[in-house]
Amino acid sequence: MHSFLLVAIALATPFDSVVRVRLDSVRDVRIMASLSDDMWSHGIYAGNAEYLVTPDQRRALDATKLEYCVMIDDVQALVEAEGTRLANPPEGGIADTEWFSDFKNLAAINAHLDALVASRPDIASTFIVGQSLEGRPIRGIRVSALPAGTTAPAVLFNATQHAREWGAAMTGMYLADRLVETAATDPRVQALLSKVEIFVIPVVNVDGYSFTWADTANRLWRKNRRDNGDGSFGVDPNRNWGYQWGGAGASTNPSSETYRGTAAFSEPETIAMRDVFVLHPNIVATIDFHSYSQLVLSPWAYTLEICPDAALLQSLGDSMKAAIASETGAEFVAGPVGSTLYLASGGSVDWTYGSRGALSWTIEVRDRGTYGFLMPPEEILLSGRENLAAAMTLAEAIAQTALISLPVPAPTGLVPDQTTLMSVTIRELVVGAVSQRALISRVAGGSWSSDPLVPVSGDTHAATIPAVHCGDAVDFYVEVTLASGSAIRYPTDAPSTFLTATATSLTIVAEYNFEVASSGWMYGVGGDTATGGAWIRGDPIATTAQSEDDHTPGTATQCAFTGQGTVGGAAGNADVDNGITTLQSPILGTMVTGAHLRYWFWYTNNLGGSPNLDEFVVQVSGDGIVWTTATTVQSSATLWREADITLNGLLAVGSAIRVRFIARDLGAGSLVEAAIDDVKIVNIGCPAVIGDINGDGLVNGFDLTILLSQWGGAGSGDLNGDQIVGGADLAFLLSNW
Ligand code: 0X9
Ligand code: ZN
């Protein structure tokens, strides 16, 4: 299976190349890091990473067992072609409307900022962020219809902390350009600029950027131009910020591409950026644009820990990702830096969030490695458009002055006759922005009523969902009244849309946590074809692809999983290979309409040479012969997840419930690991209620009307079975009202 496009190189290549290397273990990462310090991009953690390698390094790579493919064979050829193109602009020069037809040097960028201000001096002004090490001004542009010094929320978009990331610089310029030039014609932009202040700093690392333009030999320079005094140059600005400076993913070696500098904020460029945040306390959100990989990244970057605002950052990040996709169709991945990309400390995203409290993202613009930093000019406008869509989404969110977020997922089931507490996060972006916070709810489609939210701590508030009888639904939404008198709601367009939770009682019919052997479970069945990694029951040993622990809380250790790894072993240890392996249950209960199958699972298929090709199939059967697919899992996650499958419609009522889990390895070179724990059959529903004549789960006036219409005769209103509808039946009905 490990046939990750092994490129056999008979002749040593004379070029610097970009290679995508498969990294399955910490050991692989170390080997590669010792070979090349110039990581261009990193795939999903411990998957594939791209590196610039010299001919010597590529020969050394060939000598290792690491598998790789070539993304760009001759990097310098691309650089030279770009240089030639830029040195020979189309005849007659480039019209101003075509400013984004090719990349621009620092002088052209500064001139364009001035042109934008000249075009709309009423809403645009430039400012000096600070001076670089070599004395260049770092410039920004402010765009807003509000007066300077406003307390309205502000957002800061900056780009190009890394010199070679030209696509990011042009993306930043596109944001500034469109915000200024469409302010008069686009009602959305016009409305936005009347509510927020927007700062754009297209090039932070002005010295490095100028250096990359000075000579094609310098095109791939990343850091600033600090003379480190040991013959090496450059501090990585994005390892120099002062939150958890000096932690993981930053180098102490001045020659390294990720050199952190001699101290936090040792560099004038990072000091200047910090000062912008200090000078404008109303900056509540920020995006730091980089290239490349198509990622919307949120804190933390220095650790894999979940940050306190993870739910809010993820929901806004997902909205930005969706805005990008709807603009150009480009697919971005949204998630925290540490778990999505790699650990990196001393970055702006952690300081702006951790020290400054701003909602903060790093966006890695296109592409996904075809050209990397050497983006073709045709993609400038696409990158500009899709990231403007993301920037507008964020800016419009903060323009509301407050943000509401609910737990993910919000509750959909309630315990009958008990109130349910739900936490609601309300972030004020402007001091005193919020005057009232309420949960608006209604029971069983009745009329809406409002209950204030109770402050818990910080932004967290408690909402009480009212108690209802089994079968009843509560519709609800959150309403925040702003100081301005207007209101914002969650969901945004409530009460047209709202959330619903239904009270149901839940009976566990069968439960198995794999702690003790159970003769009924089969670990592999006839017809399985996998040659490795068959299902077993035991205490798993972690690899990057497989969990170290079972799911069951407490002292339990056992689960079912596909093949045991070895301590410290590679991810490819005992994963599923070359076919399918099946875990099959005994009879787990009798099918009723409210039956649900619930289980916890772990599934990864995103590692290895041909990732994401495989599937994890869950099937159910009412007779052990005919199997119906209940769900197919394709998405990988290195964590336990719970599944809840409604069996109604899949199995006939009265049949004997069986389930099987099939892990399969189809793609050559992919890694598949699956695990299952805490399998349950639960019956969800409400016990039949005497008096509920129309079967709507309630005993009420509708039932009374039916009963009275049958008075003295026979019919469904005969609740005591005495063949006549009368006073005894009425008494029954009223007692269950
Ligand atoms: O490593 C970086 O600085 C960024 N990637 S890049 O390829 N453009 O160099 C990622 C930055 C993630 N965010 C922070 N660590 N702040
Ligand atoms: Zn970067």
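Counting starts at 1 for both ligands and their atoms, in listed order. Note that the numbering runs from 1 along the sequence shown for the chain.
- The salt bridge (Lys or Arg N to Asp or Glu O under 4.0 Å) search around Glu134 returns Arg136, not counting sequence neighbours.
- Under the 30°/60° scheme for interplanar angles, the aromatic rings of Trp166 and Phe103 are found to be tilted.
- Under the 3.5 Å distance criterion, the side-chain polar atoms of Arg226 are matched with a main-chain donor or acceptor of Ser266.
- Distances shorter than 2.8 Å separate the Zn ion (ligand 2) from the protein N/O/S atoms His162 ND1, Glu165 OE1, Glu165 OE2, His290 ND1.
- For Ala285, the side-chain contact (heavy atoms from CB on, under 4.5 Å) test picks out Val155, Leu359, Leu394, Ile398, with sequence neighbours left out.
- The aromatic rings of Phe157 and Phe289 sit tilted, their planes meeting at an angle between 30° and 60°.
- Using a 4.5 Å heavy-atom cutoff, the side chains of Arg164 and Trp221 are not in contact.
- Each of Trp40, His162, Glu165, Arg222, Asn238, Arg239, His290, Ser291, Ala301, Val337, Leu341, Tyr342, Ala344, Gly347, Ser348, Val349, Thr362, Glu364 has a non-hydrogen atom positioned under 4.0 Å from some atom of ligand 1.
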- Item | Test log, rule side chain to side chain donor-acceptor pair (under 3.5 Å), inputs His290 and Glu165 | CA-CA 6 Å; His290 287 251; Glu165 297 168 12; 3.1 Å; yes
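- Relative ring orientation between Phe199 and Phe127 is described as perpendicular, the plane-to-plane angle rising above 60° on a 0-90° scale split at 30° and 60°.
- Here the closest non-hydrogen pair linking Val333 and Thr340 is CG1-CG2, 3.9 Å.
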